[in-house]
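Written below as structure tokens is the structure these notes are about.
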Amino acid sequence: MHDREFIIANRNLIEKICSLKKTKVDIERLYSLIEERRLLINRLNQLREDKNKLTDEVPKIKKQGGDIKPLLEKSKEISLTVGEIEKQLGNAEKEENTLMSWVPNILEKDVSTENDAIFKVIKETGTLNEKNRNYYDICTEKNYIDFKRGAKLAASSFPLYVGKGALLERTLINFMLDLHIEKHGYLEIFPPFLVNYNSLYSTGQLPKMEEDMYSLSKEDNLYLIPTAEVPVTNIYNDEILFEKDLPKKFTAYSACFRREAGSYGKETKGLKRLHQFNKVEMVRYSHPDKSDEALEEMLLEAEEVLRLLGLSYRVILLPGNDTSFSSAKTYDIEVWAEGTKEYMEVSSVSNFLDFQARRANIRFKNKDGKNTFIHTLNGSGLATPRTVIAIIEHYQTEDNDFEFPPVLRDYIKYGKEIFKS
RNA sequence: GGAGAGGUGGCCGAGCGGUCUAAGGCGGCGGAUUGCUAAUCCGUUGUAGUGGUUAUACCGCUACCCCGGGUUCAAAUCCCGGCCUCUCCGCCA
């Protein structure tokens, strides 16, 4: 969400960003509504002032024993007009809000605004080894992941992790959380996995991504979270912080639920695209002056997970046309999968500037005592499924099995042999 | 699920038809005092919109006491609906 003043003052920019991100917002209508609203408010303020003056006269005249009847009639008459204009204003504001809620965030200076731009490779590390076996064959043969029975229990793309597969998943989550908590100084959060409309609106998933959300029945009116970003970013929804409270750094594990509407047929086999998956997320509340450097820090923190796991990866900067609705700048981290022989996105690190904070109404008192919107950022650190793919393929063994990466071995509380059966 | 209590400014908390321009406290800010800190004293203190005007300064007006309706000339205050919190009971991992 943008400030109304900002929208008025930057019409070219707003039109540009809407067309770049292919957002269908009736800009013409939006600007005329903004003007209509202003005129209605002026009219309304004048009428209310008149009415208030009359109302103030009533007790005075009563005290003097005067006749208040004319006043009452006049006041009632104004009330009727006020009611009508309030209705008009309500309608105008409602429509204006709807249109505004569909305008995407602006982009940072170094993000390309060309219509046909593609990503820019920022960094490549490690070597792109290739191996014979891919994770899918290993996992299904050893029954580390039972895709068939997962589909029986729920639907396709709901994997059932079994034995060593389940342990790898759990171990990875613990390892990533501990890294962010102990080394990177994040506060651990275990959020609700269901959230209400407002939380999803605030982070920008709604109204745009409605069809990608799993939701409960109307009487519960809750949605399954597509990422821990949603509950965690909203922790201080509608609150005012002090400047000394910033930055705030949260990390959270959550299961993530996505309908992936419109992507049927694409990568439906295996772990690459799931309706339910696990992810450790980092979220920051930043001072507006510091969000740029916070983004770079978070990128390094997410990269560190892959470095410690001993995996090769690259970092790309997304072009504007591929940057999500709420984000002003996004880096993706892609891990190299040696058996599948391709790069796979395992993390997305974004700066939302004050776009989410405005929707969520999260502010802080700055040095001048003025309430100012914070900046929010988040980054996956990391999503497990594709990380698991890369681990299994990189650490595969001659006997069609895989070993745990060295950094995870301390996390294994049970003897290795328990997986042999 | 049943019964009861309650939702007021950054926070706590009083007010329960017109005098609310919301008491008091805490916190914040400014100042005095002061080796430093603490303590004390004095002053100050919300948000949004809209207009004067081009302006984050100043002034006016409007709205805002959980949200939405209603009663009334007039609502933080009365009535109805919703949401949320707390207490007790029931059920339950």
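Only heavy atoms go into these numbers, but all of them, side chains included; no hydrogens, no water, no symmetry mates. Residue numbering restarts at 1 for every chain, and letters A, B, ... go by the order of the sequence lines.
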Completion exercise
On RNA chain B, more 5' by nearest nucleotide between A/Gln46 and A/Asn371 is A/Asn371
Practice task
Could you measure between the two C1' atoms, the one in B/rC80 and the one in B/rC86, and give it in whole Å?
Solution key: 24 Å
Exercise for the section: Using the six-membered ring wherever Trp is involved, compare the ring planes of A/Tyr197 and A/Tyr201 and label them parallel, tilted or perpendicular (cut-offs 30° and 60°). Expected result: parallel
Problem - Closest to side chain of A/Asn52, choosing from B/rU62, B/rG10, B/rA74 - result: B/rU62
Practice task
Figure out the CD/C1' separation between A/Glu35 and B/rU50, and round it to whole Å.
Solution key: 12 Å
Practice task
Determine whether A/Ile316 and A/Lys120 make a side-chain contact, defined as any pair of heavy atoms from C-beta on separated by less than 4.5 Å.
Solution key: no
Fill in the blank from the handout: Of B/rU50, B/rC73, B/rA48, the nucleotide closest to the side chain of A/Arg363 is B/rA48
Completion exercise
Mate of B/rU72 across any strand shown (Watson-Crick or G-U wobble, both atom pairs under 3.5 Å) is none
Completion exercise
Taken to the nearest whole Å, CG/A/Asn198 to C1'/B/rC67 is 12 Å
Fill in the blank from the handout: As its Watson-Crick or G-U partner within any shown strand, both distances under 3.5 Å, B/rC20 has none
Practice task
Using the salt bridge (charged side-chain N to carboxylate O under 4.0 Å, His left out) rule, take A/Glu334 and A/Arg386 through it: C-alpha gap first, then chi angles, then the decisive distance, then the call.
Solution key: CA-CA 9 Å; A/Glu334 300 182 325; A/Arg386 296 171 188 165; over 6 Å; no
Exercise for the section: Specify the separation, in whole Å, of atom CG of A/Leu80 and atom P of B/rU72. Expected result: 12 Å
Problem - Interatomic distance where CG belongs to A/Asn366 and P belongs to B/rU56 [whole Å] - result: 15 Å
Handout entry: Carboxylate-amine/guanidinium proximity below 4.0 Å for A/Glu49 and A/Lys53
Key = yes
Completion exercise
Whole-Å distance, A/Glu96 CD to B/rG49 P, equals 11 Å
Handout entry: C1' atoms of B/rG13 and B/rG27, separation to the nearest Å
Key = 14 Å
Exercise for the section: Taking the six-membered ring for Trp and the single ring otherwise, decide whether the centroids of A/Phe352 and A/His375 are under 6.0 Å apart. Expected result: no
Practice task
Ignoring backbone atoms, establish whether A/Lys51 has a side-chain N or O less than 4.0 Å from OP1 or OP2 of B/rA74.
Solution key: yes
Completion exercise
Out of B/rC61, B/rA74, B/rG10, minimum distance to the side chain of A/Ile240 belongs to B/rG10
Practice task
Please state the C1' separation for the pair B/rC64 and B/rU8 - nearest whole angstrom.
Solution key: 12 Å
Problem - Residue A/Arg37, side-chain heavy atoms: nucleotide from B/rA74, B/rG49, B/rG10 that is nearest - result: B/rG49
Practice task
To the nearest Å, give me how far apart CG (A/Asp56) and P (B/rG18) are.
Solution key: 13 Å
Problem - Nucleotide opposite B/rG9 in a Watson-Crick or G-U pair, distances under 3.5 Å - result: none
Practice task
May I ask you to verify if any side-chain N or O of A/Arg4 is less than 4.0 angstrom from the OP1 or OP2 atom of B/rA48?
Solution key: no
Practice task
For B/rC65 and B/rG10, measure between their C1' atoms and round to the nearest Å.
Solution key: 15 Å
Handout entry: Nearest-Å distance once atom C1' is located in both B/rA75 and B/rG15
Key = 14 Å
Table please: side-chain donor-acceptor pairs of residues 78-89 of chain A below 3.5 Å, with sequence neighbours left out.
unit_1	atom_1	unit_2	atom_2	d
A/Ser79	OG	A/Lys51	NZ	3.3
A/Ser79	OG	A/Ser75	O	3.2
A/Thr81	OG1	A/Glu77	O	3.4
A/Glu86	OE2	A/Arg48	NH2	2.6

Practice task
Please determine, for the side chain of A/Arg38, which listed nucleotide (B/rU62, B/rG51, B/rC73) has the closest atom?
Solution key: B/rG51
Exercise for the section: Find the partner of B/rG43: check Watson-Crick (N1-N3 plus N6-O4 or O6-N4) and G-U wobble (N1-O2, O6-N3) distances, both under 3.5 Å, and reply none if neither fits. Expected result: B/rC29
Practice task
Using the P atoms only, state how far B/rU71 lies from B/rC16, rounded to an integer number of Å.
Solution key: 25 Å
Handout entry: Atom-to-atom span, CZ of A/Arg48 to C1' of B/rC64 - whole angstrom
Key = 11 Å
Completion exercise
pair_partner(B/rC92), Watson-Crick or wobble, both distances < 3.5 Å, evaluates to none
Exercise for the section: Considering only atom C1', compute the distance from B/rG30 to B/rA5 and round it to an integer number of Å. Expected result: 42 Å
Practice task
Please give the nucleotide sitting opposite B/rG4 as a Watson-Crick or G-U wobble pair, both distances under 3.5 Å, or none.
Solution key: B/rC86
Exercise for the section: Could you please name the option among B/rA74, B/rU50, B/rG10 that lies closest to any side-chain atom of A/Glu5? Expected result: B/rU50
Problem - Strand partner of B/rU34, provided both Watson-Crick or wobble distances fall under 3.5 Å - result: none
Handout entry: OP1 or OP2 of B/rG51 under 4.0 Å from side-chain N/O of A/Asn42
Key = yes
Exercise for the section: Take the protein atom CG of A/Asn361 and the nucleotide atom P of B/rG10, then report the distance between them rounded to whole Å. Expected result: 11 Å
Problem - Pairwise P distance for B/rC59 and B/rU45, with rounding to whole Å - result: 11 Å
Handout entry: Selected nucleotide, minimal atom distance to A/Lys365 side chain, candidates B/rG10, B/rU50, B/rA74
Key = B/rG10
Show the atom names and distances, to 0.1 Å, of all donor-acceptor pairs under 3.5 Å that link a side chain in residues 9-18 of chain A to residues at least two apart or in another chain.
unit_1	atom_1	unit_2	atom_2	d
A/Asn10	ND2	A/Phe6	O	2.9
A/Arg11	NE	A/Glu15	OE2	3.0
A/Arg11	NH2	A/Glu28	OE1	3.2
A/Lys16	NZ	A/Thr113	O	3.4

Exercise for the section: Go ahead and name the base partner of B/rU54; Watson-Crick or wobble counts if both distances stay under 3.5 Å, otherwise write none. Expected result: none
Problem - Ring-ring centroid check A/Phe404 A/Tyr411, cutoff 6.0 Å - result: no
Handout entry: Side-chain N,O (A/Lys76) to OP1/OP2 (B/rC73) below 4.0 Å
Key = yes
Practice task
Would you classify A/Leu54 as touching base, sugar-phosphate or nothing, given that sugar-phosphate means primed atoms plus P, OP1 and OP2, and contacts are heavy atoms under 4.0 Å?
Solution key: nothing
